[in-house]
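Predicted model, so just to flag it, every value in this text is computed and none were measured. Reckoned from all heavy atoms, side chains included, excluding hydrogens, waters and symmetry mates.
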Amino acid sequence: MTRKPVLALVGATGAVGTVMIDILNGRGEWPWGEVRLIASPRSAGKKIAVRGQEVTVRALAPEVFDGVDVAMFDVPDEVSATWAPIAAGRGAVAVDNSGAFRMDPDVPLVVPEVNTDQIAHRPRGIIANPNCTTLSMMAALGALHRELQLTELVVASYQAASGAGQPGVDRLHAELAAVGGKQVGERAGDVREALAAAGLRQDTSPFPAPLALNVVPWAGSLKEDGWASEELKVRNESRKILGIPDLKVSATCVRVPVVTTHSLAVHATFARPVSVARAREIFQAQRTVVLVDDPAAGQFPTPADVVGADPTYVGRIRQALDFPNTLDFFVCGDNLRKGAALNTYEIAEKLAGELAN
């Protein structure tokens, strides 16, 4: 095409949209001729700086997609379900960060480091971005799978409050303020009593139990046989991204009192023999993976060190003692950057390159 493509960001004023603006402003190469910022009517008219220029936020409506080549959606499922097809119908490729289309067989679920070839197979004109929990491990896991052929996966996630959106972040800060400086946790009920004294009712929280000074073994909604929706997302999305429909997967998702950055303890079994030394080489060869693995020196990934960073951080690599061809390792990834906004934008960048050819 002779003109540079037009990019739209739907949900520009939300939590992930704000991170996306930061990514747009910090990106090196710039393939776009125009950026349109789109949000709900209450945000329309707001001005946001993008690459040194003030862009006025537009209200979401069908006509805002006219002339748009790529439309990124950082909005709730129900909004994407309605508006992504509208954007596609008006000629844009919709890159959706919600859960609305992830398991649609006519919508590719893409992590550019793992299955970038799937971008071209989009019969509905929509490409889906995976769940942030799955994404946090996928660059590392995909690199291992290419050489070693993954057969089984057991994962325990330690998910930040921001995975529940801004209400989750606000609730964690409120709870920390309520218990801060007090002698709590010495007996059962202390945390709950401190929260109640601060007027923080549990039935108004996005979490089913207190998160401050606590861990909550639950993320998402209840599904059959006691599984949480987040756990089933890890299973189903890992199978689709890696192209292994019969991959054996079991996940336990836990919410922890961290604002941003998900962590995962990964237990991965492969068809081929694997060593820690070879795993290190594979990780070090990946542009978007950072190896931090020297336990003797106290060096391994933690959310406090990873938040705000683009890559996936990997450490605590061990060969499982009692399981052949199996590695255990720990992964951290900023759930608002690579886990949401950055992966969406990387897909959009790939599309920009396709449109320019």
Side-chain angles (χ1 to χ4, degrees), residues 11-23 25-26 39-40 42-43 46 48 74-77 79 97-99 131-133 135-136 156-221 228-230 252-264 301-310 313 330-342:
T13 58
V16 178
T18 301
V19 175
M20 183 69 81
I21 298 294
D22 182 56
I23 289 171
N25 285 329
S40 63
R42 68 177 177 273
S43 295
K46 182 178 181 181
I48 299 176
D74 289 319
V75 292
D77 292 12
V79 179
N97 190 34
S98 82
N131 175 266
C132 55
T133 310
L135 253 176
S136 295
S157 72
Y158 307 93
Q159 297 179 214
S162 57
Q166 192 60 44
V169 174
D170 293 343
R171 178 70 186 202
L172 176 57
H173 281 308
E175 290 189 3
L176 291 173
V179 302
K182 300 178 181 178
Q183 295 297 317
V184 299
E186 296 179 354
R187 62 183 180 84
D190 274 4
V191 172
R192 292 183 185 274
E193 289 174 10
L195 300 187
L200 296 174
R201 293 165 40 199
Q202 194 60 55
D203 62 356
T204 63
S205 172
F207 311 116
L211 193 56
L213 306 182
N214 203 17
V215 296
V216 182
W218 191 260
S221 57
S229 58
E230 287 280 307
T252 300
C253 291
V254 181
R255 194 74 70 180
V256 296
V258 168
V259 176
T260 301
T261 295
H262 288 353
S263 304
L264 298 95
T302 72
D305 301 313
V306 172
V307 64
D310 289 343
Y313 286 69
F330 194 73
V331 180
C332 286
D334 186 318
N335 55 296
L336 297 183
R337 290 188 73 86
K338 180 57 178 177
L342 179 60

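- The two residues Gly308 and Asp334 make their nearest non-hydrogen contact at N-OD2, 2.6 Å.
- Rounding to the nearest 0.5 Å places CG of Asp190 at 10.5 Å from CG of Leu195.
- Between Pro208 and Val216, some side-chain heavy-atom pair lies under the 4.5 Å cut-off.
- Closest approach of Gly163 to Asn335, counting heavy atoms only: N-ND2, 3.6 Å.
- You'll find the side chain of Glu230 reaches within 4.5 Å of the side chain of Asn131, heavy atoms only.
- If you take CD1 on Ile23 and CG on Leu342, they are separated by 4.5 Å, rounding to the nearest 0.5 Å.
- Considering every non-hydrogen atom in both Gly339 and Leu135, the closest pair reads O-CD1, 3.5 Å.
- Judged purely by atom type and a 3.5 angstrom limit, Gln159 has no side-chain atom pairing as donor or acceptor with the backbone of Trp218.
- When side chains are defined from C-beta on, Leu213 does not count as touching Glu175, because their heavy atoms never get closer than 4.5 Å.
- A pairwise comparison of heavy atoms in Ala212 and Val191 identifies O-CG1, 3.8 Å as the closest pair.
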Check against side-chain contact (heavy atoms from CB on, under 4.5 Å), Arg171 and Leu211: CA-CA 9 Å; Arg171 178 70 186 202; Leu211 193 56; over 6 Å; no
Which side-chain N or O atoms in residues 254-264 pair as donor and acceptor under 3.5 Å with protein atoms at least two apart or in another chain?
unit_1: Arg255; atom_1: NH1; unit_2: Ala160; atom_2: O; d: 2.9
unit_1: Thr260; atom_1: OG1; unit_2: Ser162; atom_2: OG; d: 3.3
unit_1: His262; atom_1: ND1; unit_2: Ala160; atom_2: N; d: 2.9

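- Atom OG in Ser205 sits 9.5 Å away from atom CG in Leu172 (nearest 0.5 Å).
- A pairwise comparison of heavy atoms in Val215 and Pro217 identifies O-CD, 3.9 Å as the closest pair.
- Closest approach of Ala219 and Ala228 over heavy atoms only: O-CB, 3.4 Å.
- Within the structure, the salt bridge (Lys or Arg N to Asp or Glu O under 4.0 Å) test picks out the following pairs touching residues 196-221 (sequence neighbours left out): Arg201-Asp203.
- In terms of the salt bridge (Lys or Arg N to Asp or Glu O under 4.0 Å) criterion, residue partners of Arg337 (sequence neighbours excluded) are, by chain and number, Asp22, Asp310.
- At a threshold of 4.5 Å between non-hydrogen side-chain atoms, the residues Ser136 and Lys338 do not count as touching.
- Inter-residue side-chain proximity for Ile48 and Thr13 is flagged as met; some heavy-atom pair is nearer than 4.5 Å.
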